[in-house]
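Shown next, in structure tokens, is the structure this report addresses.
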Amino acid sequence: MLEALHGTHAVVLGGAGFLGSHLCERLLGLGARVTALDNLLTGTADNVAHLVGHPGFRLVCYDVTDFLYVAGRVDHILHFASPASPVDYLRWPIQTMKVGALGTHKALGLARAKDARLLLASTSEVYGDPRVNPQPETYWGNVNPIGPRGVYDEAKRFAEALTLAYHRQHAIEVRIARIFNTFGPRLRIDDGRAVPTFMTQALRGEPLTVHGDGLQTRSLCYVDDMVEGLLRLLASDHVGPVNLGNPREVTMLELAGAVQDAVGRHPGVRHLPAMQDDPAVRRPDTRLAERLLGWRGRHSLEDGLARTIDWFRGRLAAAAEQG
Ligand code: NAD
């Protein structure tokens with residue numbers, strides 16, 4: 001299925017971020033040419049430093065909410081530019097709304113100009129604090145538009161609506177991935193999401209900080225599995241949103257236990273106040289992805305955590321060296 005990507009030119013918006021950099025690497029491995037555009041708001045050129053020098057790769061420092069132009073043929077546009085962790089989008093609320101709205105508009109304009117296919121990185125957050133568990137693609141969600149998290153959730157809901165408007169009005173080829181929590185190497189230690197926070201704390205021997213009672217659930221997908229699902233979706237012919245994620249649901253306390261087991265240190269947990277509008281449950285219904293794409297993650301949560309430890313060890317050592 002992915003052989004179709006060989007010899008194509010992909011433009012990855014947010015290509016220096018966590019998911020974007022893994023996508024660039026995999027696309028190059030499949031024989032595609034890749035142009036990564038990133039303003040380095042939450043990403044870093046270090047994420048793609050190993051790709052610089054590859055004849056098919058180019059990194060351009062650029063804000064995709066500005067006019068967007070790429071010379072020559074473009075086959076695919078992967079729109080992965082957006083702050084993604086709550087820490088980041090609470091710090092950059094206006095930038096988050098701009099990149100979800102204006103950035104998506106520019107990306108769709110480029111897709112129209114180049115007759116290219118666009119893959120939008122949407123999110124499980126479009127379901128908000130869901131009243132239905134697991135969440136199928138047909139569920140419309142339960143989002144507080146004016147709460148602090150609304151900037152991210154509503155930007156993504158707008159981005160989905162705009163993407164389908166371009167498909168309906170201009171016949172642009174579009175794909176929409178509703179991505180559930182994903183983790184792996186290249187997450188920042190100060191990213192604020194559960195896995196980086198817990199892993200950093202466990203490695204330092206500090207208690208793991210859990211918001212609220214810790215009984216809220218999440219599903220966590222290892223990054224290699226997510227990249228495989230995303231590229232299969234890109235290469236597929238399905239237009240509507242598709243959930244991608246790990247269907248196994250764990251509580252935050254279970255995740256804290258799994259991280260401590262993986263690291264081999266058990267400093268315990270410390271409870272912090274619950275976060276406003278924090279979803280109580282989160283679990284993808286992945287039957288559509290399984291049927292359409294023949295996709296299901298291969299890595300268990302434990303396996304993924306084991307593959308991620310060395311990355312955080314390295315980051316902590318580098319941080320200690322810098323003082
Ligand atoms: P990330 O913060 O690591 O990557 C986002 C990248 O976008 C960064 O490199 C950042 O500098 C760049 N960016 C932000 N605004 C930009 C702008 N205006 N112009 C150019 N570049 C800009 O986050 P991530 O986890 O890799 O997420 C990537 C995408 O996937 C996001 O759209 C996010 O909403 C989506 N997503 C991620 C997850 C996850 O678990 N990682 C879950 C759901 C959705």
Side-chain angles (χ1 to χ4, degrees), residues 11-25 35-48 59-68 77-107 110 118-127 135 149 151-160 163 176-196 218-227 229-230 233 241-246 279 282 284 297 304 308:
V11 174
V12 182
L13 313 183
F18 164 57
L19 285 178
S21 64
H22 283 278
L23 282 164
C24 291
E25 187 175 311
T35 301
L37 303 182
D38 201 300
N39 67 352
L40 307 182
L41 180 70
T42 56
T44 161
D46 290 349
N47 284 338
V48 288
L59 171 65
V60 182
C61 193
Y62 195 76
D63 185 332
V64 303
T65 63
D66 286 343
F67 174 76
L68 196 51
I77 299 162
L78 292 82
H79 180 13
F80 281 70
S82 171
S85 88
V87 165
D88 289 340
Y89 59 73
L90 295 178
R91 182 171 178 210
W92 306 108
I94 296 171
Q95 288 83 347
T96 301
M97 295 217 76
K98 280 180 74 177
V99 77
L102 303 179
T104 305
H105 181 237
K106 301 294 181 285
L110 182 65
L118 179 129
L119 170 66
L120 172 70
S122 185
T123 169
S124 55
E125 301 298 329
V126 298
Y127 300 123
Q135 296 84 57
R149 302 172 70 106
V151 294
Y152 182 67
D153 307 2
E154 294 296 2
K156 292 292 184 180
R157 289 166 69 97
F158 176 86
E160 285 197 10
T163 297
I176 298 174
R178 287 191 179 152
I179 302 169
F180 284 65
N181 290 17
T182 301
F183 70 97
R186 296 192 202 136
L187 281 170
R188 304 192 322 263
I189 51 177
D190 63 349
D191 169 288
R193 282 176 273 194
V195 170
R218 295 292 181 271
S219 72
L220 296 120
C221 181
Y222 185 61
V223 63
D224 289 358
D225 288 335
M226 181 55 65
V227 166
L230 289 166
L233 177 59
V242 177
N243 288 337
L244 293 174
N246 183 346
R282 181 69 87 228
T308 308

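Numbers here are sequence positions counted from 1. Whatever order the structure lists ligands and atoms in, that order sets their numbers, starting from 1.
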Worksheet item: Taking Ser21 for the side chain and Val48 for the main chain, is one N or O donor matched with an acceptor at less than 3.5 Å?
Response: no
Response to the item:
Hits for side-chain hydrogen bond (donor to acceptor under 3.5 Å, both in side chains) against Gln95, two or more places apart or cross-chain, chain-then-number order -> none
Worksheet item: Just how far is it from atom NZ of Lys98 to atom CG of Asp66, taken to the nearest 0.5 Å?
Response: 7.5 Å
Discussion item. With a 4.0 Å heavy-atom cut-off, what residues sit around ligand 1?
Written reply: Gly14, Ala16, Gly17, Phe18, Leu19, Asp38, Asn39, Leu40, Leu41, Thr42, Gly43, Tyr62, Asp63, Val64, Thr65, Phe80, Ala81, Ser82, Ala84, Val99, Ala121, Ser122, Thr123, Tyr152, Lys156, Ile179, Asn181, Thr182, Arg193
Discussion item. Please list all pairs meeting salt bridge (Lys or Arg N to Asp or Glu O under 4.0 Å) that have one or both residues in residues 186-196, counting only residues at least two apart or in different chains.
Written reply: Glu25-Arg186, Asp88-Arg188, Arg188-Asp190, Asp191-Arg193
Worksheet item: For the residue pair Phe183 and Tyr222, does the interplanar ring angle fall in the parallel (under 30°), tilted (30 to 60°) or perpendicular (over 60°) class?
Response: perpendicular
Discussion item. Checking Asn39 now: which residues fulfil side-chain hydrogen bond (donor to acceptor under 3.5 Å, both in side chains) with it, not counting sequence neighbours?
Written reply: none
